[in-house]
Amino acid sequence: MAGRILLLVLSMNVVFFIANAVPETCPADLGEKCGENGEWEGEFFPGIPKIKYEGPSSKNPLAYKWYNAEEVILGKKMKDWLRFSVAFWHTFRGTGADPFGAPTKYWPWEDGTNSIAMAKRRMRANFEFLNKLGVDRWCFHDRDIAPYGKTLQETNSNLDEVVALAKELQGDKIRPLWGTAQLFMHPRYMHGAATSSELGVYAYAAAQVKKAMEVTHYLGGENYVFWGGREGYQTLLNTDMERELDHLARFLGAAVAYKKKIGFNGTLLIEPKPQEPTKHQYDWDAATTLNFLRKYGLLGEFKLNIECNHATLSGHSCHHDLETARINGLLGNIDANTGDPQVGWDTDQFMTDIGEATMVMLSVIKNGGLAPGGFNFDAKLRRESTDVEDLFIAHIGGMDTLARGLRNAAKLIEDGSLAELVRKRYSSFDTELGGQIEAGKADFEMLEKKAMEWGEPKVASAKQELAEMIFQSSL
Ligand code: XUL
Ligand code: CO
């Protein structure tokens, strides 16, 4: 046992050493890319062209096979159904580190520091990436894009400096799909942010969200997200759950008031997740979050950002949580990723399963699209994928998977036989008595009379295998 602990401590030292051995200036082996003032010159992704649609027979990994932005499907352009977004934190801050190992990704433009100069360089890389991919939206946490200062004032001014550059680089086409505050990484948030037992932390989190909403608004963001990573508990033995939930509701209420005060018209979104990092997160899933919003009178002020891997972590399918949000008028955005069927945690993988994507798109079509929401790729490269071009390949793959899902879902809707199967299944309610039941006008005495008059009811087949056959034929 002692030997194992020693080994762990030694390997942690190695991780620490590797992390600190990263050069602190413009990387020496890429000297020609560094200008006199240490600034990056030229392209960040040389040799990667603007990604184009080449159709399903293309073998080019740097081309779309299914996503054809301008093509019209069911009356809307693909780009308007899909409204893709790149997640800054995974694509530009993901290092490949995991609880057992050091970073594996050293993007050539990184100099190993978290300086403002580095933050600006990274921002330029982000916009070259978006432009080459042909994606008009990006998502960020405040702390991904700019470094901490010594005080909140200094941190805010760092953020302002980087945001000013982002605004310039956005031009008139690119906008944030959403912004958010990172309220889970810093040790001050170890007990939560809005649900922390410490009043000072609650106030600090409020100040951070206030600023993050301001910069999202300034950048023309269309939505603002609340993901309560540490808004939950490790044990109920030391937790006043009722008080914490009341605090969370007050916090969100204050966010609504501030949004209105600054004239931010974007949608406020809550992103459910059952656990990780807390053992139990309050926004467990769509239904739990819906009940929370209803209890505190916040319905109408928030919609939901459903993340597929979070839905599966909570024991549902992504389709289930999308439908729960949709039928309650709360489907606002999708964090497009997927989990691994063999592991239990949030692996944040790019979606590759065409069947899953088709079900996702059935919900999105029924919702009439997601705008002003969209599909944010809250997804990361595997730790072992270390080439710069892998960033492109992963996004192209994720976009093509959803584009294929859209095409398949449209086929299913145009064909109509799945909808007909479902309609037929409930057709006994398309009768006079069915109408009375659905209108809430059938009492138990009336139903008892009918049950006695009719005798044993006939019960039809659910036709599950036929439904699956029809679904499969669209893939
Ligand atoms: C974490 C997660 C977050 C949110 C934004 O699981 O999904 O990245 O999307 O804070
Ligand atoms: Co997410």
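Ligands are counted one by one from 1 in listed order, and the atoms in each one are counted from 1 as well.
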Centroid-centroid distance, F44 to F129, less than 6.0 Å: no

Presence of salt bridge, K120 and E161, under 4.0 angstrom: yes

Minimum-distance N/O/S atom that E271 presents toward the Co ion (ligand 2): OE2

F84 ring center within less than 6.0 Å of H395 ring center: no

Distance flag, aromatic centroids of F184 and H141, threshold under 6.0 Å: yes

Centroid-centroid under 6.0 Å between F92 and W107 rings: no

Pick out the protein N or O atoms lying less than 3.5 Å from any N or O of ligand 1, and list each pair with its distance.
from, atom 1, to, atom 2, distance (Å)
ligand 1, 6 (O), K273, NZ, 3.0
ligand 1, 6 (O), H310, NE2, 2.9
ligand 1, 6 (O), D346, OD2, 3.0
ligand 1, 7 (O), E271, OE2, 2.7
ligand 1, 7 (O), E307, OE1, 2.7
ligand 1, 7 (O), H310, NE2, 3.3
ligand 1, 7 (O), D378, OD2, 2.7
ligand 1, 8 (O), W89, NE1, 3.4
ligand 1, 8 (O), D378, OD2, 3.2
ligand 1, 9 (O), E271, OE1, 2.7
ligand 1, 9 (O), E271, OE2, 2.9
ligand 1, 9 (O), D335, OD2, 3.0
ligand 1, 9 (O), D378, OD2, 2.9
ligand 1, 10 (O), H141, NE2, 2.6

Residue pair D285 / H316, side-chain donor-acceptor N/O under 3.5 Å: yes

Of the N, O or S atoms in D378, the one nearest the Co ion (ligand 2): OD2

For L370, the option from N333, L331, L177 that meets side chain to side chain contact (heavy atoms under 4.5 Å, CB included): L331

Worked verdict on F45 versus W109 for ring-ring contact (aromatic ring centres under 6.0 Å, His included): CA-CA 10 Å; F45 305 99; W109 54 85; 5.1 Å; yes

Minimum-distance atom from the Co ion (ligand 2) among N, O or S atoms of E307: OE1

Nearest to the Co ion (ligand 2) - the N/O/S atom of D335, by atom name: OD2

